[in-house]
There are 2 protein chains.
Amino acid sequence: MPRPPRFTRDDVIACALSIADDQGLEAVTMSAVAVLVGVTPMALYRHVDDKEHLLDLLVEAVLRELSDPDDRLSGWPRLEALARGLRAAAARHPNVFPLLLQRPAITGGSLTLRARIRDALRDCGIPAEELDRGERLVSTVALGFLASEAGGRFVDVPRDQRDLDFEILLALVHQGLPALERAS
Amino acid sequence: MPRPPRFTRDDVIACALSIADDQGLEAVTMSAVAVLVGVTPMALYRHVDDKEHLLDLLVEAVLRELSDPDDRLSGWPRLEALARGLRAAAARHPNVFPLLLQRPAITGGSLTLRARIRDALRDCGIPAEELDRGERLVSTVALGFLASEAGGRFVDVPRDQRDLDFEILLALVHQGLPALERAS
DNA sequence: ACCTGAACACCGTTCAAGT
DNA sequence: ACCTGAACACCGTTCAAGT
């Protein structure tokens, strides 16, 4: 007997994300998610391969929140806007963010983020053959800082100090871009 | 009846580390460690508070492997040597390394690492009031890259390219140091 | 077609009991 | 004092059965 599904994959993701935000990643258990969806844990497997898959979807959901880059910006300001958008997403979902560093960036959301970074770098004058490396360096520096911040490595550092840290890091990358051109 | 202990905390750490190296972090289960020690899982709790504590000890063990900085080096070369030493440790224990970003750096090993970085920065001419920030930035950049590398985010990037990435990252920080002096 | 109940293998951890 | 057996609460996951 065909029956209409009672919930969607997006429901699962939304519930898992809210648990992660409220109580941390380790609270994201299949049965906790199921309770929030209003269903038994086994029903989740209709929409999700397994727990690892669910975590990947969580990362995707966070990346999908990134707003499209402002078209009026170009070059360095555009790259900077990307970085600030990423930091805002990290602030909204600090518990999910460390996952970004843990798995290869091959899903849709992280691929488009990487493409956006490369576009901005090209716009900054980085030669085509250095775009891949530039993207790796920029995202490594950004994710390193943001994962540190989200992961609590800076808990004892006041907020305004961390804000300044971030600005300095941006300046560091900005002034380092010309060196990237020379690298090849 | 007093009895001599059959194993030490260091035995537990060594076994856990070898499991992590060989089969990954998720294979480090209390019972897997116990099997390798040659004892029941419950016996581990004599030497370790709980599993989280064991993971902290694992991080400590990796940090303790870092060799003392070469006294003949000073200034930037010394900082560079620290970074290369850290990368070598990450290469030996890629599965443990992502943990470094996950918890506050307040244990013995990471405190001495931080102190060494600050010492090297002072030696580079960074003013005293900027040493803390300098340490945060340097370790963030380094850990971000190394955790990315260890975590497999660069699996599809050939080794020699990653080596070059690392050199460029070092150069970026090197040339950015003067900006740090001006920050205050 | 969708969801569930029952069941399985595994996990971390406690505590009283054995030596 | 040190280790273990038994037990507990919890985990992810499967599969046949219900609707």
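Residue numbering restarts at 1 for every chain, and letters A, B, ... go by the order of the sequence lines. Quick caveat: nothing in here was measured; it's all calculated off a predicted structure.
- One atom, NE2 of B:H47, and another, P of C:dT13, lie 16 Å apart when rounded to the nearest Å.
- Classification of B:D70 and B:R78 as a salt-bridged pair fails, no side-chain N sitting under 4.0 Å from a carboxylate O.
- A:E60 places a side-chain N or O within donor-acceptor distance of the main-chain N or O of A:G109, the cut-off being under 3.5 Å.
- The interatomic distance linking B:D11 (CG) with D:dC3 (P) rounds to 10 Å, in whole Å.
- Listed nucleotides: D:dT13, C:dC2, C:dT14. Nearest to the side chain of B:M42: C:dT14.
- In this structure, the separation between CG on A:L131 and SG on A:C124 is 10.0 Å, given to the nearest 0.5 Å.
- To the nearest 0.5 angstrom, A:L63 atom CG is 10.0 Å from A:L111 atom CG.
- Atoms CD1 and CG, from B:I126 and B:L79 in turn, are 9.5 Å apart once rounded to the nearest 0.5 Å.
- Under a 3.5 Å cut-off, the side chain of B:N95 and the backbone N or O of B:A20 do form a donor-acceptor pair.
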Enumerate all atom pairs, one protein N or O and one N or O from nucleotides 16-18 of chain C, separated by less than 3.5 Å.
{"from": "C:dG18", "atom 1": "N2", "to": "B:R3", "atom 2": "NH2", "distance (Å)": "3.2"}

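- As a whole-Å value, the separation of B:L44 CG from C:dT13 C1' is 11 Å.
- Counting only N and O atoms by type, the side chains of B:T140 and A:R153 include a donor and acceptor under 3.5 Å apart.
- Within residues 18-40 of chain B, the residues approached by DNA chain D to less than 4.0 Å at the level of any non-hydrogen atom are B:V39, B:T40, in residue-number order.
- Residue A:Y45 has its side chain nearest to D:dT14 when only D:dT14, D:dA6, D:dC3 are considered.
- For DNA chain D, runs of at least 3 consecutive pairs of the Watson-Crick or G-U wobble type, with both hydrogen-bonding distances under 3.5 angstrom, map to C:4-8 with D:12-16, C:12-16 with D:4-8.
- Taking a cutoff of 4.0 Å between a charged side-chain nitrogen and a carboxylate oxygen, A:D132 and A:R136 do not qualify as a salt bridge.
- Contacts between residues 49-58 of chain A and DNA chain D, counted as heavy-atom distances below 4.0 Å, involve A:D50, A:K51.
- Here B:D68 contributes atom CG and B:R116 contributes atom CZ; the two are 5.0 Å apart, rounded to the nearest 0.5 Å.
- With hydrogens and angles ignored, the 3.5 Å screen pairs no side-chain donor or acceptor of A:R114 with any backbone N or O of A:E135.
- For A:Y45, there are no ring pair (Phe, Tyr, Trp, His ring centres under 6.0 Å) partners two or more places apart in sequence or in a different chain.
- Taken together through direct or relayed side-chain contacts under 4.5 Å among Ile, Leu, Val, Met, Phe, Trp and Tyr, B:L54 and B:F7 form part of one hydrophobic cluster.
- A search for ring pair (Phe, Tyr, Trp, His ring centres under 6.0 Å) contacts involving B:H174 returns B:W76, not counting sequence neighbours.
- B:R6 places its CZ atom 13 Å from the P atom of C:dT19, with the value rounded to the nearest Å.
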